[in-house]
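Only a predicted model underlies this, so the values are computations on that prediction, with no experimental measurement involved. Quick note on labels: first sequence line is chain A, next is B, and so on, each numbered from 1. All values below come from the heavy atoms of this structure, side chains included, with hydrogens, waters and symmetry mates left out.
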There are 2 protein chains.
Amino acid sequence: MSTAEAARRGVPDAAVARLPGYLRALTALAADDVASVSSEELAAAAGVSSAMLRKDLSYLGSYGVRGVGYDVERLASEIAAALGLTQDWPVAIVGMGNLGRALAAYRGFAERGFRVIALLDHDERVVGDEVAGETVRPMEDLPRLVEEQGLAIGVIATPPEGAQAACDHLVAAGVRSVLNFAAVVLAVPEDVTVRKVDLSTELQILAFHGHRGALAEAVAP
Amino acid sequence: MSTAEAARRGVPDAAVARLPGYLRALTALAADDVASVSSEELAAAAGVSSAMLRKDLSYLGSYGVRGVGYDVERLASEIAAALGLTQDWPVAIVGMGNLGRALAAYRGFAERGFRVIALLDHDERVVGDEVAGETVRPMEDLPRLVEEQGLAIGVIATPPEGAQAACDHLVAAGVRSVLNFAAVVLAVPEDVTVRKVDLSTELQILAFHGHRGALAEAVAP
DNA sequence: GCGACTTTGTGCCTCCCTTCACAAAGTCGT
DNA sequence: ACGACTTTGTGAAGGGAGGCACAAAGTCGC
């Protein structure tokens, strides 16, 4: 089964969400000059069960060797290919408030072909400011960024009120992948993919578990 | 069914993860002086189906009125109670690099009873620095923060190499809820809840979808 | 006070994901 | 060259979550 076939048949979303974890574990192994790894070892490194790892990898193809395991370099490159990480992914960050500036300064984006090519804000008082060595641009620059630089991913770091407008700008310019840090549900055409990251939600889920743990203790000590 | 009963019976994790979204939508409605809302309307605001919303809420109890809908204030307060947001949740941020400083400055934490009570770092060259109006403390302060201030949630914003050590410090001090921004899988005792937020993973998932979209187009235009 | 209407709460069904378990396949020692 | 051993890849079973559809329950108008 070729990579193209696998992509056409469709990898379950749940499996896709784990692939980056496998890739990271493999990269770490490669850095330690490990040449080969079993599903058991790799699964432990990625924090999943070995059966799940094997099934996930089987969606991509047969890249292991029975009785031996997986070639680290080879598997890493296959996963990277499946994720589409062989190409460059230009990223723009919209909203230069506290969070936006933090994201602009954060090095995590630079990994794996994600390049922050522009910082934008709709507020003309912020446009022109220098943030993390880049000049903040107006929203009107978006269409040009898409056409001339192949901008593909937009990161929304605006306050909740401005998020939908920012998203609309991105979509109108042709961006079809959005990472949303604002605490709102964004409405988008169905060919646009949105992923949401919300610190407040995460904390509230943690609160539930902490709360629940304390309660369970009180009920059945 | 009382809240305590509901908590004992157990709300599915998938439902818990959506409760913060409902709560946020309700808070927005309350701010607009809306007194009552139907499952259809609330579901739309939270971006889920009405059937799912009703099922999720049914895990908490029967707080709706048939033929009418839900009382906004009442439901908000029931969800807040279920999530454990009636109490205060002191939070500590560990790791004062780029990301840690950003999180310290980010106001999103202040919502809903989450108070950042301490910023920590293991590097003595950073300890004592002023970040977002707070003095950075050494890791050794953790046990005291737990005992004297009820510290309950730890946020890990260290580089990947230091994340496990930071987590061990938190757990040893008695923290049982951890929000992990580092790109590693943390090993913890089973009574500790860890949630992971990873920008790189999110971007890679977006890359997959962008990639796949382009591929599907090429195959069947 | 009663009937028509609205909207919730939930039993049931379906689908997808995870886990189990084993046959297939390849390696390594002799 | 062959047999014992290891580890993958996958068919089948099991479990859980989401959607459907309707009975139950309460409101509102008359």
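Atom CG in D56(B) sits about 13 Å away from atom C1' in dG16(D), given to the nearest Å. In this structure, L60(B) atom CG and dT8(C) atom P are separated by 15 Å, rounded to whole Å. At whole-Å resolution of the value, CG in L53(A) and P in dT7(D) are 14 Å apart. For M52(B) and dA17(D), the CE to P distance is 11 Å, given to the nearest whole Å. Rounded to an integer number of Å, the gap from CG of L75(A) to C1' of dG9(D) is 14 Å. Distance E78(B) CD to dG9(C) P: 12 Å, rounded to the nearest Å.
Checked by atom type and distance alone, the side chain of E41(B) pairs as donor or acceptor with a backbone atom of S38(B) at under 3.5 Å. Put simply, the side chain of N98(A) gets close to the backbone of A105(B): a donor and an acceptor are under 3.5 Å apart. N180(B) places a side-chain N or O within 3.5 Å of a backbone atom of V184(B) that can act as its donor or acceptor partner. A distance-only check finds no donor-acceptor pair linking the side chain of R176(B) to the backbone of V192(B) [under 3.5 Å]. With hydrogens and angles ignored, the 3.5 Å screen pairs no side-chain donor or acceptor of D32(B) with any backbone N or O of V34(B).
For the pair V175(A) and I153(A), the minimum side-chain heavy-atom distance is 4.5 Å or more. L103(A) places a side-chain heavy atom less than 4.5 Å from the side chain of L199(B).
Put simply, OG on S62(A) and OH on Y70(A) are 8.0 Å apart, with the number rounded to the nearest 0.5 Å.
Evaluation of the side-chain hydrogen bond (donor to acceptor under 3.5 Å, both in side chains) test over residues 154-175 of chain A, restricted to residues two or more places apart or in two chains, returns Q164(A)-D168(A).
Residues passing the side chain to side chain donor-acceptor pair (under 3.5 Å) test with T193(A), sequence neighbours excluded: none.
With the nearest nucleotide of DNA chain C identified for both A14(A) and V65(A), A14(A) has the one nearer the 5' end.
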What does the list of N/O pairs under 3.5 Å between the protein and nucleotides 20-24 of chain C look like, with a distance for each?
| unit_1 | atom_1 | unit_2 | atom_2 | d |
| --- | --- | --- | --- | --- |
| dA21(C) | N6 | R54(A) | NH2 | 3.4 |
| dA24(C) | N3 | R66(A) | NH1 | 2.8 |

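At the phosphate of dA17(D), neither OP1 nor OP2 sits under 4.0 Å from any side-chain N or O atom of Y59(B). Between dG26(D) and Y70(B), no contact under 4.0 Å exists linking OP1 or OP2 to a side-chain N or O.
Near DNA chain C, defined here as any heavy-atom distance below 4.0 Å, there are no residues from residues 36-47 of chain A. Remark: nothing in residues 15-25 of chain A comes within less than 4.0 Å of DNA chain D through any heavy atom.
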Pairs of donor and acceptor atoms involving the side chains of residues 85-93 of chain B, under 3.5 Å and at least two apart or interchain, shall be tabulated with distances.
| unit_1 | atom_1 | unit_2 | atom_2 | d |
| --- | --- | --- | --- | --- |
| D88(B) | OD2 | R115(B) | NE | 2.7 |
| D88(B) | OD2 | R115(B) | NH2 | 2.8 |
| W89(B) | NE1 | G84(B) | O | 2.7 |

